[in-house]
Every structure is written in C-alpha cells, then in structure tokens.
Amino acid sequence: MLIPLTGPDLSADPRLDDYTRLKDVKLRARLEPERGLYMAESSSVITRALDAGHSPRSFLMAQRHLPGLAGAIESATGSADGGPVPIFTAPEEVLEQLTGFHLHRGALAAMHRPALPRADELLATARDGAPARRVVVLEDLVDHTNVGAVFRSAAALGVDAVLVTPSCADPLYRRSVRVSMGTVFQVPWTRLEAWPDMGALHGAGFTVAALALSDEAVPLDDFAALPALTAPDTKLAMVMGTEGDGLGHRTIAASDYTVRIPMEHGVDSLNVAAASAVVFWATQGVGARASGPSAGACR
C-alpha cells in the first residue's frame, strides 16, 4: 500500500522505526539482527534482494523512484503498490531528516533476514545444489566495506560460498550490501557457530589455506600449482584475516597450508579486500575439471 508521509516529527512514528538512526553503525549492527531485518539501499540493490527471493517488510523512497521499482515490487508482493507491504513515500529532504543522512540513491527497503543454513548444509549445496569447490572464510573482519568488497570479488571470480566467523561484521549490514553491489544475495553464505573449529571444512574434504605472513608460508603461485590443488576432486577453503592483526595463531595452526602473496617494494601485505581478489583469481582452476565448463563463472 502506498503511504505518503506527512507530519512535523516523523521520527516518532512507530511505523518508521526500522528506518530511524541509520547513521548509528554500532546501534544498527545490533538492532537489525535482533529485529530480524536488514536494509537494502538503492533501486538496483533492492531489485537484487527481491529477485533472490528475500521478503520485504516495507519500502521507503522518494516518489520518483517508485516507477523504476514497480515491476520488482509487483513480482515480490503481487501488486505494483506493494499490496499489504507498506511503501512509504516522501520528499528527499523529509527522508534525510528521518534517516539521518542524504539518501542520494533515493530508495530503501527493510527486508526480512533469511534463515542461514548450517555450514555443512551450505558446503553440500552451494554450487547450484552441488557441493562447493572453493569457499572463503572471513575471520573477524570488522569493516563492512571490506566484507562487501570480498563478496563482490567472490561473485565475480566464481567462489562458491562465503563463511563468516562469529565475530565477523555483518554481510547484510547496509554498507556491506551496497559495496557488494547486492552480490551478498547471490553468493551463498552463512555464519559459523564456532571458530577455529574446522570440522565442517575438513569433514567435507576441503584443503584449508590460511592467508598469512609467515616464514613457512608458500607463495601463492607455488601453492596453486601443488598436486593437492590441481586434482579434479580438489576442494579449497581460503581463510582471510582481520584488517589489523591478520589470522589468529590457532587458525594458522589448524590450517593445512599457510599461503602468502609475494610483494615488492617493501610492501608487506595488501588490504584484505584487494588480497581476496588476487587469491580468488589465482585459484580459479581449483576443481575446474570436476565442475565442468561453468567453473569460475559468476552466478
């Protein structure tokens, strides 16, 4: 249903609670999972979320963005006006007052969070119902931008799934979703219940590679050429560490290999988002003969 917003203090309107104080990152990172919601921002991201089958709670947008979203809204709700799902509309200055920031992309949607699968379920079905061949584990990343960038690289370079540790930033936080260009809805992912428990990965036959600086670390090119990586039934899990301290000692000890990206000019490491793209590209051949001609393609 279309609901034009009017009134002197819309921030006190309980119908709009999902959209207030969006600039408060710490508050929202706690409240959104508690409420079972996440925010999708921009017409393209909202469309990807709806196309992925995610269910909307409500929409908030400037009136001029409604025609561009009408088709996606109708597919998701059965009606171009949202049917039972509220579509709140307001001038852009009113939206800014309500959300606390300039909504230059013009549209927001409060979406129900989908239920996450268990790690073993995800590993068994991530590749269009078939077992995953390449996955990445994000250990305790705190920057939502980096999380979103890793998802975008994973989608572009054919990584089958993303697993995040209990303390990792939320892939469905608004900035993560925006930076990923909505690929968080395309790449299967879940949150691990315990870490560095690698039972699910080793139980599913994965070789676990910790990306870390270490005297024993294997250069990435050499690692990708190892017989363990070129066999047709290879499964690879790449573990990427937090922005400040890298991977924990227990994680490195529990992994099968420690791998580094060779550097020049005195640079010791790359940002985790940049490093992920390099590693994903270098390992595209893993399991390729087993998975057929579509291996490495973005879903």
Side-chain angles (χ1 to χ4, degrees), residues 1-25 27-29 31-33 35-114 144-145 147-149 151-152 155-156 170-187 298-299:
M1 71 189 87
L2 292 174
I3 304 175
L5 295 177
T6 58
D9 187 12
L10 292 172
S11 63
D13 188 332
R15 299 175 301 171
L16 303 175
D17 283 350
D18 288 351
Y19 299 100
T20 56
R21 299 186 68 181
L22 289 181
K23 286 185 70 174
D24 193 329
V25 175
L27 175 67
R28 298 299 303 196
L31 284 182
E32 290 181 13
R35 294 177 179 174
L37 70 97
Y38 71 87
M39 304 301 302
E41 181 184 353
S42 84
S43 297
S44 60
V45 168
I46 292 170
T47 298
R48 285 194 173 188
L50 296 177
D51 287 347
H54 292 200
S55 177
R57 291 161 58 111
S58 63
F59 301 88
L60 175 69
M61 67 187 72
Q63 180 68 37
R64 65 187 178 90
H65 288 276
L66 184 57
L69 280 166
I73 291 174
E74 183 171 8
S75 295
T77 67
S79 174
D81 68 0
V85 178
I87 302 177
F88 300 106
T89 62
E92 293 185 7
E93 60 271 17
V94 174
L95 298 178
E96 183 173 351
Q97 177 186 7
L98 175 65
T99 62
F101 69 99
H102 177 55
L103 194 64
H104 63 279
R105 290 174 176 82
L108 286 167
M111 307 291 295
H112 291 284
R113 282 179 177 258
H144 293 96
T145 297
V147 172
F151 266 87
R152 187 172 182 181
D170 182 11
L172 290 182
Y173 187 71
R174 188 175 78 253
R175 185 163 181 79
S176 300
V177 172
R178 185 169 70 244
V179 171
S180 81
M181 296 297 292
T183 55
V184 293
F185 311 131
Q186 297 174 295
V187 180
C298 177
R299 290 169 302 282

Check [X] against [Y] and note the closest heavy-atom contact, atom names and distance.
X: V85; Y: F59; answer: CG1-CE1, 3.8 Å
X: V45; Y: M181; answer: CG2-C, 4.4 Å
X: I87; Y: A80; answer: CD1-O, 4.2 Å
X: A62; Y: E92; answer: CB-CG, 3.8 Å
X: A110; Y: D18; answer: CB-OD2, 3.6 Å
X: A72; Y: L50; answer: O-CD1, 3.7 Å

Do [X] and [Y] touch side chain to side chain, with heavy atoms closer than 4.5 Å?
X: I46; Y: P56; value: no
X: P33; Y: Y173; value: no
X: L66; Y: I73; value: yes
X: R48; Y: V184; value: no
X: T89; Y: I3; value: no
X: V25; Y: H144; value: yes
X: D24; Y: L31; value: no
X: D51; Y: F185; value: no

Between [atom1] on residue [X] and [atom2] on residue [Y], distance to nearest 0.5 Å:
X: F88; Y: L98; atom1: CZ; atom2: CG; result: 9.5 Å
X: S176; Y: M39; atom1: OG; atom2: CE; result: 14.0 Å
X: S42; Y: M61; atom1: OG; atom2: CE; result: 11.0 Å
X: L60; Y: L22; atom1: CG; atom2: CG; result: 8.5 Å
X: D81; Y: E74; atom1: CG; atom2: CD; result: 9.0 Å
X: T99; Y: Y19; atom1: OG1; atom2: OH; result: 11.0 Å

(request) Show your working on salt bridge (charged side-chain N to carboxylate O under 4.0 Å, His left out) between E32 and R174 and close with a plain yes or no. (result) CA-CA 10 Å; E32 290 181 13; R174 188 175 78 253; 5.0 Å; no
(request) Applying side chain to side chain contact (heavy atoms under 4.5 Å, CB included), run through L16 and L5 and close with a yes or a no. (result) CA-CA 10 Å; L16 303 175; L5 295 177; 4.0 Å; yes
(message) Using the salt bridge (Lys or Arg N to Asp or Glu O under 4.0 Å) definition, which of the options R28, R175, R113 pairs with D170?
(response)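 In the set R28, R175, R113, the residue that makes a salt bridge (Lys or Arg N to Asp or Glu O under 4.0 Å) with D170 is R113.
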